[in-house]
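The block underneath contains the structure these notes are about, expressed in structure tokens.
A, B, ... follow the sequence lines: proteins, then strands. Residue 1 opens every chain.
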Amino acid sequence: MSSATLPTLRQHLTDLLHTALRSVAPEQWDVDILLERPKQASHGDFASSLALQLARRLKMNPRQVAERLVQALPSSPLVEKADIAGAGFINFTLTPSARTAVVSTVFAQGASFGSTPANGRRLQVEFVSANPTGPLHVGHGRGAAYGASLSSLLAFAGYDVSREYYVNDAGRQMDILAVSTWVRYLAIYGEAIPFPPNAYQGDYVFEMAEQIKAAQADQHVRPAAAVMANVPETDDLDERLDAFIVAGKQLLGEGWRAIHQYVLNEQLTDCRADLEEFGVHFDVWFSECSLYDSGEVAHVVDMLAANNHTYEQDGALWFRSIAFGDEKDRVVRRDNGLYTYFASDIAYHLNKFARGFDKLIDVWGADHHGYIARVKGALTATGADASRLDVALVQFVSLFRNGEKASMSTRSGEYVTLRQLRSEVGNDACRFFYMLRKCDQALDFDLDLAKSQSNDNPVYYVQYAHARICSVLAQWTGNVAPLATADLSPLTHEREIALCQRLAEFPELIQSAARDYAPHSLAFYLKDLAADFHGWYNAERVLVDDELTRNARLALALATRQVLQNGLSLLGVSQPESM
RNA sequence: GCCUUCGUAGCUCAGUGGAUAGAGCGACCGCCUCCUAAGCGGUAGGUCAGCAGUUCGAUUCUGCUCGAGGGCACCA
């Protein structure tokens with residue numbers, strides 16, 4: 001059985017049905033022939049509902065149609081029989097050699113089993129893109145795990161994938177972090193200023209203040225009274241905070257830039273290290289500032305204005321978003337002359353398109369969903385093809401501690417960081433746990449469960465299957481290479497056939513998971529694969545005396561290990577040889 | 001009010017235009033002189049939120065109702 005046979009098994013059966021169809025009902029040649037893998041073993045390896053689809057069009061009894069189709073079915077060396085069952089299903093049962101052929105295929109293809117050759121299509125996945133204003137929290141962790149697994153999956157499925165992090169280094173949030181650090185720094189020098197309640201409160205702000213003191217000494221110290229002189233007495237907290245920022249810029253001059261640069265660099269470095277430790281790598285870190293420096297933001301706004309897609313009102317410049325399906329128009333340039341985040345985001349996406357990607361995938365938090373219409377609208381207005389942008393919305397993560405929902409405010413500093421989670425639960429369990437929900441589903445992360453009962457995490461179940469196979473192999477002293485061509489005919493038990501079927505599903509699973517941007521389905525597949533293996537392992541011994549049987553079972557075990565490795569590595573989960 | 005994600009076993013969640021809707025946890029009963037018991041086998045547990053429509057067939061698609069989360073800034 002050649003390695004090329006397996007991926008086309010489904011196609012082969014489809015061709016057989018097509019031939020039969022041309023003979024039975026030539027005028028229905030265009031009917032879509034669907035083949036599915038039945039849930040029940042008694043329904044064969046593949047099933048088709050073609051007869052049910054045709055019955056009405058032919059005004060015939062579905063079972064009658066099925067009978068004619070089966071009679072017209074060409075014989076195939078891969079098909080043992082084609083039964084008619086139920087209302088008119090045609091159930092194909094493969095020959096034993098066709099069923100076990102997947103084992104040889106896995107041996108032949110190894111780490112690339114399940115992958116698709118490069119299709120030449122370039123694709124960009126942008127994810128995490130958290131403001132560099134503090135440590136990543138467990139919500140970012142979900143985006144990171146999802147984006148990384150999705151990227152790996154798409155690359156495995158043949159796309160040329162670029163992973164990108166958009167660094168919001170231009171906005172007010174960075175100024176708030178800088179001023180937060182400065183106020184803490186002043187406090188160290190005894191210049192006590194009431195800390196703005198809406199500034200960043202986390203401990204890392206104190207640490208950065210200490211670091212700036214150590215590196216730059218007292219050059220940024222100004223009298224508290226001088227700072228407070230700039231801050232109006234008002235209950236508007238945002239207004240007060242902005243006044244602090246203005247005071248900092250005025251009193252410090254170049255020193256403000258130094259602090260701003262320092263905290264940005266510090267947070268970005270920390271963020272990158274955090275993600276790399278989590279096995280999440282980015283090819284490009286794209287700076288929002290660079291869009292301003294290059295003039296791209298101004299250019300895109302001018303372009304929109306030149307094409308009459310904007311108007312001025314209340315001193316601000318508005319994009320006619322309604323004309324492109326949004327629910328209201330949106331400001332691109334504020335009355336104070338500054339561009340909005342929206343403006344730089346339009347420029348950013350145009351920049352992405354200009355880089356030649358066939359498809360852009362943005363991974364956003366669910367709270368950004370209202371943002372999709374305006375971004376796509378603006379892209380359309382500039383003449384870009386907005387359908388080339390897909391947005392994957394990842395629902396929220398809620399943390400539960402002692403059965404109670406934990407606070408998750410970045411500003412207040414009361415949140416569990418990704419680092420804490422990783423150190424308490426472990427990277428593998430984290431990566432896998434995040435993939436146990438589809439991204440549309442809100443994730444309740446029970447910290448107590450994840451910490452105290454981490455052994456219950458399904459990731460260990462999957463890894464354990466891998467370790468068991470390694471253990472069997474270690475006790476067998478033979479040479480692995482010849483197993484590639486082992487006679488597989490001794491693989492006749494129900495569990496062995498089921499395991500082979502599961503292995504054969506892997507390439508299809510990769511395809512559908514990539515198509516649907518659904519890496520979670522890979523996690524569920526791996527659980528199923530591990531279950532099939534554990535069941536077989538308990539029922540049958542691999543290292544039996546009979547050489548033929550032993551070699552066939554070793555080959556099946558090794559093929560299973562290969563698929564576990566291929567799948568786990570896509571999810572960024574390690575494959576320990578012993579546990 | 002509008003947009004959006006959900007509603008499936010006691011709990012947490014998969015899944016599908018098809019045949020008898022699944023897993024883990026929890027409960028109960030079993031399995032290590034034998035390749036790792038972080039494992040396996042079995043039992044119990046369901047009005048797939050509700051109503052209507054499309055269809056040969058709907059838990060799946062469409063519409064409405066009810067319930068839960070999220071979003072509706074000259075913040076990012």
Which is true for A:Glu577 with a 4.0 Å heavy-atom rule: it touches a base, it touches only sugar-phosphate, or it touches nothing? base
Does a side-chain N or O from A:Arg63 land closer than 4.0 Å to OP1 or OP2 of B:C56, or not? no
A:Ala55 near the nucleic acid: base, sugar-phosphate alone, or nothing, with a heavy-atom cut-off under 4.0 Å? nothing
Interatomic distance, A:Asn198 CG vs B:A73 P [rounded to whole Å]: 19 Å
Is the A:Tyr166 ring parallel, tilted or perpendicular to the A:Phe286 ring (thresholds 30°, 60°)? tilted
Considering only side-chain heavy atoms of A:Asn538, which listed nucleotide, B:U4, B:A38, B:G39, is closest? B:G39
Atom CG of A:Asp242 and atom C1' of B:C74 are separated, to the nearest Å, by 12 Å
Could one point to a donor on the side chain of A:Asp175 or the base of B:A76 with an acceptor on the other under 3.5 Å away? no
On RNA chain B, does the nearest nucleotide to A:Trp536 precede the nearest nucleotide to A:Ser42 from the 5' side, or the other way round? Give the residue. A:Ser42
Under a 3.5 Å cut-off for both contacts, is B:C2 paired Watson-Crick or G-U wobble with anything, and if yes, with which nucleotide? B:G71
Note, A:Asp238 side chain near A:Arg172 side chain (heavy atom, < 4.5 Å): yes
OP1 or OP2 of B:G17 versus the side-chain N and O atoms of A:Gln53: is any pair under 4.0 Å? no
Over all strands shown, is A:Arg374 touching base, sugar-phosphate only, or nothing at heavy-atom distances under 4.0 angstrom? nothing
Partner of B:G22 under the Watson-Crick or G-U wobble criteria, both distances under 3.5 Å, comes out as B:C13
Considering every strand and a 4.0 Å limit on heavy-atom distances, what is the contact class for A:Ser578: base, sugar-phosphate, or nothing? base
Nucleotide of B:C75, B:A19, B:C74 approaching A:Gln173 most closely (side-chain heavy atoms): B:C75
Please determine whether a side-chain nitrogen or oxygen atom of A:His520 lies at a distance below 4.0 Å from atom OP1 or OP2 of B:G15. yes
Which atoms form the tightest heavy-atom contact between A:Leu264 and A:Pro132, and what is the distance? CD1-CG, 3.6 Å
Indicate whether A:Tyr537 forms a stack on B:G39; treat it as stacked only if centroid distance is below 5.5 angstrom and interplanar angle below 30 degrees. no
Rounded distance (Å) that lies between atom C1' of B:A38 and atom NE2 of A:His466: 16 Å
Of the nucleotides B:U36, B:A14, B:A76, which one has an atom closest to the side chain of A:Gln441? B:A14
Atom CD1 of A:Ile322 to atom P of B:C3: distance rounded to whole Å? 15 Å
Tell me whether the OP1 or OP2 atom of B:C35 has a side-chain N or O from A:Arg550 closer than 4.0 Å. no
Mind checking A:Tyr464 for me? I need base, sugar-phosphate or nothing, with any heavy atom below 4.0 Å counting as a touch. base
According to a cutoff of under 5.5 Å between the ring centres and under 30° between the ring planes, does A:His43 stack with the base of B:A19? yes
Would you mind classifying the nucleic acid contact of A:Ala87 as base, sugar-phosphate or nothing, using non-hydrogen atoms under 4.0 angstrom? nothing
For the backbone of A:Arg541 and the side chain of A:Arg553, can you confirm whether one donor and one acceptor N or O come within less than 3.5 Å of each other? yes
Using a 4.0 Å heavy-atom cut-off across all strands, classify A:Gln40 as base, sugar-phosphate, or nothing. base
Taking any strand in view, what nucleotide pairs with B:C64 in a Watson-Crick or G-U wobble way, both distances under 3.5 Å? B:G50
Please verify the inter-ring angle class for A:His368 with A:Tyr371; under 30° counts as parallel, over 60° as perpendicular, anything in between as tilted. perpendicular
Taking only N and O in the side chain of A:Tyr461, is any of them less than 4.0 Å away from OP1 or OP2 of B:C40? yes
Indicate, with a heavy-atom threshold strictly under 4.0 Å, whether A:Arg437 touches base, sugar-phosphate, or nothing. sugar-phosphate
Please report the distance separating the P of B:U8 from the corresponding atom of B:U12, rounded so that it comes out in whole Å. 8 Å
Take atom C1' in B:G22 and the same atom in B:C48, then report the distance between them in whole Å. 12 Å
Aromatic plane relationship, A:Phe506 with A:Tyr525 - under 30° parallel, 30 to 60° tilted, over 60° perpendicular: tilted
Okay, side chain of A:His137, backbone of A:Gly139: is any donor-acceptor separation there less than 3.5 Å? yes
Could you tell me whether the phosphate oxygens of B:A19, OP1 or OP2, come under 4.0 Å of any side-chain nitrogen or oxygen in A:Arg37? no
Donor-acceptor pair, distance only, cut-off 3.5 Å: does the side chain of A:Ser471 make one with the backbone of A:Ala467? no
Should B:C32 be called syn or anti, with syn set as within 90° of 0? syn
For A:Gln395, answer base if it contacts any base atom (sugar-phosphate contacts may also be present), sugar-phosphate if it contacts only those atoms, and nothing otherwise; contact means non-hydrogen atoms under 4.0 Å. base
Looking at every strand, decide which applies to A:Ala85 at a 4.0 Å heavy-atom threshold: base, sugar-phosphate, or nothing. base
Grab the CE-P distance between A:Met435 and B:A14 for me, whole Å please. 12 Å
Would you classify A:Asp335 as touching base, sugar-phosphate or nothing, given that sugar-phosphate means primed atoms plus P, OP1 and OP2, and contacts are heavy atoms under 4.0 Å? base
Check whether the side chain of A:His369 and the base of B:C3 form a donor-acceptor pair under 3.5 Å. yes
